[in-house]
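Read through the structure below, which is laid out as structure tokens, and then see the notes.
Numbering of residues begins at 1 and proceeds along the displayed sequence. Hydrogens, waters and symmetry mates play no part in the numbers below; they use all other heavy atoms, side chains included.
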Amino acid sequence: MERLQKVLAEAGVASRRKCEELITAGRVKVNDEVITTLGVKVDASKDMIEVDGRKIQQEKKIYVLLNKPKGVITSASDPGGRKIVTDFLKPIKERIYPIGRLDYDTEGLLLLTNDGEFANLLTHPKHHVPRTYLATVKGVPHGTLLDKLRDGIQLEDGMTAPAEVDYYDISPDKNETIVSITIYEGRNRQVRRMFDAIQFPVIKLKRVKFGPILLSGVPRGKFRHLDAKEVKELKDSALSTHNIQKGK
């Protein structure tokens, strides 16, 4: 017997936290009974479990890396009819969803899966999985300004954790600088807001690394499947960073 939200997540419905929201919203039935409280335990092999009237099935676990283009919504659907990330994943028949988000104007490495436990592990705040971006800004920010990002900078939702920040490339003819920045949190539009705070707004942003996984080799708008070794490395990265934070 396992908790209902865990069974839903493992069936690829959504992340565990999203599954908890589905339960409390009354959208889940077990053996024709609506469940609205968390903590209910079920037997996935015996109980009939439905979400929005649709019976769940245990799916083969899929792990995908997409090189998301700019101007694409990180969502499985969009009422406005804009391009969404799953438009680039037509060959995949399983229902998969993004692990975390990339802004509409941000491109690069996006992971998708139907493994809710895996998604929860990588996005839970306690795990601090590193994400590396290349941020293009107009002008050349002084090293002391980058030090502010390294030390943590005050945003409207609080102080950021220290980031790893280095000059990646400087183009004097364009008066632009590309800065490599690695963060350990997943706040909304965090990298853009950090550069806004030092008054060097981002004009282009690309995620190039998630944990130990690199974007290299995947063209824009294309995807590839992660292999078992890479999935294990991501899980190990999440667990090891959690242990570091705990001082183990």
Q: Of all the heavy-atom pairs spanning Ile96 and Asn114, show the shortest one and how long it is.
A: CG2-N, 3.9 Å
(Q) So that I can tick it off, tell me whether Asp32 and Lys29 are bridged by a salt bridge, with the cut-off set at under 4.0 angstrom between side-chain N and carboxylate O. (A) no
Q | Residue pair Val85 / Ser75: nearest heavy atoms and the distance that separates them | A | CG2-O, 3.6 Å
Q: Could you tell me whether Arg220 and Glu107 have a side-chain N and a carboxylate O separated by less than 4.0 Å?
A: yes
Q) Is a side-chain N or O of Tyr184 found less than 3.5 angstrom from the main chain of Arg131, in a donor-acceptor match? A) no
Q: Kindly say whether Asp236 contributes a backbone atom to a donor-acceptor pair with the side chain of Ser240 at under 3.5 angstrom?
A: yes
Q: Identify the heavy atoms of Phe200 and Gly139 that sit nearest to each other, and give their distance.
A: CE2-C, 4.1 Å
Q.
So if I apply the side-chain hydrogen bond (donor to acceptor under 3.5 Å, both in side chains) rule between Arg193 and each of Asn188, Thr160, Asp157, which one comes out positive?
A. Asp157
Q) Any donor and acceptor pair, going by atom type alone, linking the side chain of Glu33 with main-chain N or O of Val30 inside 3.5 Å? A) no
**Q.** Closest non-hydrogen atom pair between Leu122 and Ala238, with its separation
**A.** CD2-CB, 4.1 Å
Q | Candidate pair Asp151 and Lys148, rule side chain to side chain contact (heavy atoms under 4.5 Å, CB included), full reasoning | A | CA-CA 5 Å; Asp151 296 337; Lys148 291 183 177 182; 5.9 Å; no
Q | Side chain Tyr167, main chain Gly143, donor-acceptor under 3.5 Å | A | yes
Q.
Using only atom types and a distance under 3.5 Å, with no angle test, would you say the side chain of His127 pairs donor to acceptor with the backbone of Leu121?
A. yes
Q. Side chains of Asp115 and Thr113: do they bring a donor and an acceptor to under 3.5 Å?
A. no
Q) What are the two closest heavy atoms between Asn175 and Lys138, and how far apart are they? A) O-CD, 3.2 Å
Q) More than 12 heavy atoms of other residues, nucleotides or ligands under 6.0 Å from NZ of Lys61: is that the case? A) yes
Q: Mark yes or no for whether Asp43, through its side chain, and Ser45, through its backbone, hold a donor-acceptor pair below 3.5 Å.
A: yes
